[in-house]
Number of protein chains: 2
Amino acid sequence: MTEAVDTERESAQRTAILNAAMHLFGKQGYTGTSMRDIANAVGVLPGSLYAHIQGKEALLISIVADGINRFLAAVEPIADSSAPAATRLRKMIIAHIEVVADNPQRSQVVFHQWRFLGEQSQPQAVERRQAYEDAFSRVVKDGVKNAELKADLNQRIAVLTLLGGLNWSAEWLSPDGRLSPAQLGDLMADSLLGGILA
Amino acid sequence: MTEAVDTERESAQRTAILNAAMHLFGKQGYTGTSMRDIANAVGVLPGSLYAHIQGKEALLISIVADGINRFLAAVEPIADSSAPAATRLRKMIIAHIEVVADNPQRSQVVFHQWRFLGEQSQPQAVERRQAYEDAFSRVVKDGVKNAELKADLNQRIAVLTLLGGLNWSAEWLSPDGRLSPAQLGDLMADSLLGGILA
DNA sequence: CCTACCGATCGGTAGG
DNA sequence: CCTACCGATCGGTAGG
């Protein structure tokens, strides 16, 4: 029992540290956040953090890896389903916005702080992000092939522009806005899929 | 003559420092860049920087203010011209991409590093960025009013999504790619204005 | 988890 | 523009 409780407490404290780091990295950036900032947020002295974590970079690795996985887990199953490409894209857009809205600060870390990963961990993160982009590319390619999407599309530019529009939502999206994330995603899909011209 | 040359030299060195800071802030972030990094890039010892500049934050203020001005100068005249809204939007998109492509790192500083401005300078930067967004909002509003754009558009979401797609280009755009910035902007305008559905 | 501390690096300055 | 340096803060550790 004592061991179980200890493990539980330790894991809970680790989670608290990861959460504080996620919010601070998202708000102030990785290099703009000190271990003392994180310790203050958790309510512990700086040196005490190292009983629960390996170091500053290990925090970033965990947050980025977990964050990318959330996007992939939400979107890849939709991309690989059998619905029409246009339907899949709309659902992927909504799923993406739901992940961003679930925690915009985590999303900001995924989008911008991966640059500060070390030489070992950065390639894996870049690879996973590329896999995410590829999921959208596959569906766009399908859609062009079966004439759901415009034949003369520059597919690479279209995917990058679409993903940019989605990712930028972490800058302005507030988790407690009037519109639900799903409604927001639906409206963004309207603009991105159908355009804005009458 | 001597004074003129001195002033010239001093101004040239100031420019070199600003350029080095711009690239480093864009690549490593403001908090991830030390004055020693900047001094190394310029080829001078750290203390020598202070003969030309006031301090680290003064560098950021200059770079951000100048950067926002470039976007406004390129886009506002088009927004306030008398062409059809759809034409204006396409031209604004192209102009925006041309400014990003002219120096993606400066754009990254404008987009992401303004958070590290102090309490005096940040509000002005936020205001100027808002003015930039407003230029797009005005044109979209015009377009909806005269039925060039979809009547059922959520205009705020449409503008934020469009600007996100544009701003994100600083992440992937390479100044020496095969497509010219104007061609790139035109393709992005195709996607953003007309959508991707067939 | 705290006390007490390490060497390294930070932005910036005085004096020449 | 350099020499020489300042106090503050950084990520992290030993020992309890």
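Chain naming here is simple, since letters A, B, ... match the order of the sequence lines and numbering starts at 1 in each.
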What do the steps show when you test E148(A) against K141(A) for salt bridge (Lys or Arg N to Asp or Glu O under 4.0 Å), and what is the final call?
-> CA-CA 10 Å; E148(A) 284 183 72; K141(A) 197 176 168 187; over 6 Å; no
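Against DNA chain C, the stretch residues 32-47 of chain A makes heavy-atom approaches under 4.0 Å through V44(A), L45(A). For the segment residues 53-60 of chain A, residues with any heavy atom less than 4.0 angstrom from an atom of DNA chain D are, sorted by number, G55(A), K56(A).
Qualifying salt bridge (charged side-chain N to carboxylate O under 4.0 Å, His left out) partners for D80(A), counting only residues two or more places apart in sequence or in other chains: R138(A). Not a single side chain to side chain donor-acceptor pair (under 3.5 Å) links S81(A) to another residue, sequence neighbours left out.
Counting only distance, with no hydrogens or angles, the side chain of T161(B) and the backbone of I157(B) share a donor-acceptor pair below 3.5 Å. Without hydrogens or angle criteria, T33(A) side chain to G29(A) main chain gives a donor-acceptor distance under 3.5 Å. Side chain of K91(A) to main chain of V75(A): no donor-acceptor pair is present (N/O by atom type, distance under 3.5 Å, no hydrogens or angles). Between the side chain of S169(A) and the backbone N or O of G165(A), no donor-acceptor pair lies under 3.5 Å. K56(A) places no side-chain N or O within donor-acceptor distance of the main-chain N or O of T31(A), the cut-off being under 3.5 Å.
Residues F25(B) and H112(B) place their aromatic rings such that the two centres sit no closer than 6.0 Å. Between F111(B) and W168(A), the gap from one ring centroid to the other is short of 6.0 Å.
A nucleotide of DNA chain D counts as in contact with chain B when one of its atoms lies under 4.0 Å from a heavy atom; the first and last such, 5' to 3', are dC1(D) to dT3(D).
Side chains of I94(B) and M188(B) form no contact here, defined as non-hydrogen atoms less than 4.5 Å apart.
Where pairing requires Watson-Crick or G-U contacts shorter than 3.5 Å, the helical stems of DNA chain D with at least three consecutive pairs are C:1-16 with D:1-16.
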